[in-house]
Amino acid sequence: MTLQAAQKTSADSAKALYGGKGTRRITVHDIAAAKERGEKWPMLTAYDAMTASVFDEAGIPVLLVGDSMGNCHLGYETTVPVTMDEMTLLSAAVVRGTRRALVVGDLPFGSYQEGPVQALRNATRLIKDAGVGAVKLEGGERSHAQTELLVKAGIPVMSHLGLTPQSVNTMGYRVQGRSDEAAHQLLRDAKAAQDAGAFAVVLELVPAELAAEVTRSLHIPTVGIGAGPDTDAQVLVWTDMAGLTGGRVPRFTKQYANLRETLGDAAKAFAGDVVGGAFPQEEHTFH
Ligand SMILES: Nc1nc(=O)c2c([nH]1)NC[C@@H]1CN(c3ccc(C(=O)N[C@@H](CCC(=O)O)C(=O)O)cc3)CN21
Ligand SMILES: CC(C)C(=O)C(=O)O
Ligand SMILES: [Mg+2]
């Protein structure tokens, strides 16, 4: 498929999710309706207002302010150091840059593990101070009480299972759910998330067959990343998808542009013009 055709397909599917209107923000009800209609939808991460506005105008219906901002935006090695202050600041920027997308904010490591009350306090901050429409947290059974309290309080929750990067220090970055026991645990986690009231479940780095089984067993949508073709939605980290991430990227990523090269070339051209005296010219100059 050509990129243009791919873009058209993406815009069309987003339009379907918008119910053909596209004049208001997507809600979790639109997400539920898309699952009933069997529609697939795209999700991207975003960490700033300008990039978010590009994705919003491109028709991406759901934007995740991921704690992947830790490595993709803030220069940390992992997502583990990301704080509530950082999440709140960048989530607010993404909300300001968008008009139609449902903005989901990740709850960072240490902001909900103490228990439901801590989770509610921090999720409330993202809802009130940043203006996000939903939050995401890692863990199914282990985060059941947190999810339940947030949903009771009126905060939509997206759950995140499989590879949960906030646990990198215990699990590493390996494919999850390969053994029978691990597959059964993933199914239990997915059910726990659904029972607690989650509106969607991210499945990261799990075998495609298992992701398909989880997708069939739930009435809420699954959002895959490295989980094969049979989830209801797909999410990618935007800097990976656009070719801006430096160094190694996960094998499940597809690169749709090469922003690293494009930006580098622009910077080199500017530098050359300054050194060679070709910039600024008369049209850039005031008298
Ligand atoms: N830039 C970026 N992209 C991501 O997708 C991402 C982040 N950052 N940060 C948070 C988490 C961490 N993620 C990761 C990190 C590493 C692998 C990785 O190295 N995967 C191996 C597969 C390992 C196996 O076969 O078991 C790979 O080769 O892709 C995967 C997901 C996904 N998330
Ligand atoms: C990879 C997605 C699901 C995520 O949690 C993030 O970007 O932080
Ligand atoms: Mg995350």
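Note that ligands are numbered from 1 as they come in the structure, with each ligand's atoms numbered from 1 the same way.
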When you look at OH of Tyr173, are more than 12 heavy atoms from neighbouring residues, nucleotides or ligands closer to it than 6.0 Å?
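More than 12 within 6.0 Å, yes.
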
Considering the options Lys35, Arg100, Arg37, Arg24, which one meets the salt bridge (charged side-chain N to carboxylate O under 4.0 Å, His left out) requirement together with Asp30?
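By the salt bridge (charged side-chain N to carboxylate O under 4.0 Å, His left out) criterion, Asp30 pairs with just one of Lys35, Arg100, Arg37, Arg24: Arg24.
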
Show me which atoms of ligand 2 lie under 4.0 Å from any heavy atom of [X].
| X | answer |
| --- | --- |
| Gly66 | 6 (C), 7 (O), 8 (O) |
| Thr45 | 7 (O) |
| His160 | 3 (C), 5 (O) |
| Leu64 | 2 (C), 3 (C), 4 (C), 5 (O), 6 (C), 7 (O) |
| Ser68 | 6 (C), 7 (O), 8 (O) |

Heavy-atom check, side chain of [X] versus side chain of [Y], under 4.5 Å:
| X | Y | answer |
| --- | --- | --- |
| Val103 | Ser91 | no |
| Thr45 | Met69 | no |
| Met158 | Met43 | yes |

Does any N or O of ligand 1 fall below 3.5 Å from an N or O anywhere on [X], backbone included?
| X | answer |
| --- | --- |
| Phe252 | no |
| Asp240 | yes |
| Thr79 | no |
| Thr245 | no |
| Ser68 | no |

Where does [X] meet ligand 1, judged by heavy-atom distances below 4.0 Å: at the side chain, the backbone, both, or neither?
| X | answer |
| --- | --- |
| Val175 | both |
| Leu163 | side chain |
| Pro250 | both |

Shortest protein heavy-atom distance from [atom], along with the residue and atom involved:
| atom | result |
| --- | --- |
| atom 19 (O) of ligand 1 | Arg248 NH2, 3.0 Å |
| atom 11 (C) of ligand 1 | Pro165 CG, 3.5 Å |
| atom 6 (C) of ligand 1 | Val237 CG2, 3.9 Å |
| atom 1 (C) of ligand 2 | Ile225 CD1, 3.7 Å |
| atom 8 (N) of ligand 1 | Asn71 ND2, 2.6 Å |
| atom 17 (C) of ligand 1 | Tyr173 CB, 3.8 Å |

Any chance you could lay out the side-chain contact (heavy atoms from CB on, under 4.5 Å) test for Ile155 and Leu120, step after step, and finish with the verdict?
CA-CA 9 Å; Ile155 300 173; Leu120 181 58; 3.9 Å; yes

For ligand 2, indicate whether the residue [X] contacts it via side chain, backbone, both or neither (heavy-atom separation under 4.0 Å).
| X | value |
| --- | --- |
| Thr79 | neither |
| Val223 | neither |
| Lys136 | side chain |

Output yes when a side-chain donor or acceptor of [X] lies under 3.5 Å from a complementary backbone atom of [Y], and no otherwise.
| X | Y | answer |
| --- | --- | --- |
| Gln146 | Tyr112 | yes |
| Thr51 | Asp48 | no |
| Ser143 | Gly140 | no |
| Thr79 | Gly70 | no |
| Gln118 | Gly110 | yes |

Taking 4.0 angstrom as the limit and counting only heavy atoms of Arg251, give me the atoms of ligand 1 inside it, by number and element.
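In order of number, 27 (C), 29 (O).
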
Which atoms of ligand 1 sit under 4.0 Å from any heavy atom of Cys72?
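Heavy-atom distances to Cys72 below 4.0 Å select 1 (N), 2 (C), 8 (N).
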
Using the six-membered ring wherever Trp is involved, compare the ring planes of Tyr47 and His73 and label them parallel, tilted or perpendicular (cut-offs 30° and 60°).
tilted

Going by the angle between their ring planes, with limits at 30° and 60°, are His284 and Phe279 parallel, tilted or perpendicular?
tilted

Please lay out, stage by stage, how Gln185 and Arg188 fare under the test side-chain hydrogen bond (donor to acceptor under 3.5 Å, both in side chains).
CA-CA 5 Å; Gln185 181 61 49; Arg188 279 199 300 276; 2.6 Å; yes

Of the backbone and side-chain N, O or S atoms of Glu138, does one lie nearer to the Mg ion (ligand 3) than 2.8 Å?
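So Glu138 does not bind the Mg ion (ligand 3) by this criterion.
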
I'd like the atom name of the N/O/S atom in Asp106 lying closest to the Mg ion (ligand 3).
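The Asp106 atom nearest to the Mg ion (ligand 3), restricting to N, O or S, is OD2.
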
Looking at Asp67, which of its N, O or S atoms is the nearest one to the Mg ion (ligand 3)?
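In Asp67, the N, O or S atom with the shortest distance to the Mg ion (ligand 3) is OD1.
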
Checking the N or O distance criterion of under 3.5 Å, is ligand 2 in contact with Asp67?
yes

Asp106 N/O to ligand 2 N/O under 3.5 Å
yes

Among Asn122, Ile127, Leu107, Thr124, whose side-chain contact (heavy atoms from CB on, under 4.5 Å) with Leu150 holds?
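That would be Leu107.
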
Does either side chain, that of Thr231 or that of Thr222, offer a donor lying less than 3.5 Å from an acceptor on the other one?
no

Run down the list Met241, Glu204, Met69 and name the one with the heavy atom closest to atom 33 (N) of ligand 1.
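Among Met241, Glu204, Met69, the closest heavy atom to atom 33 (N) of ligand 1 comes from Glu204.
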
One thing to verify: whether Arg25 and Asp56 come together as a salt bridge, which I'm taking to mean a side-chain N less than 4.0 angstrom from a carboxylate O.
no

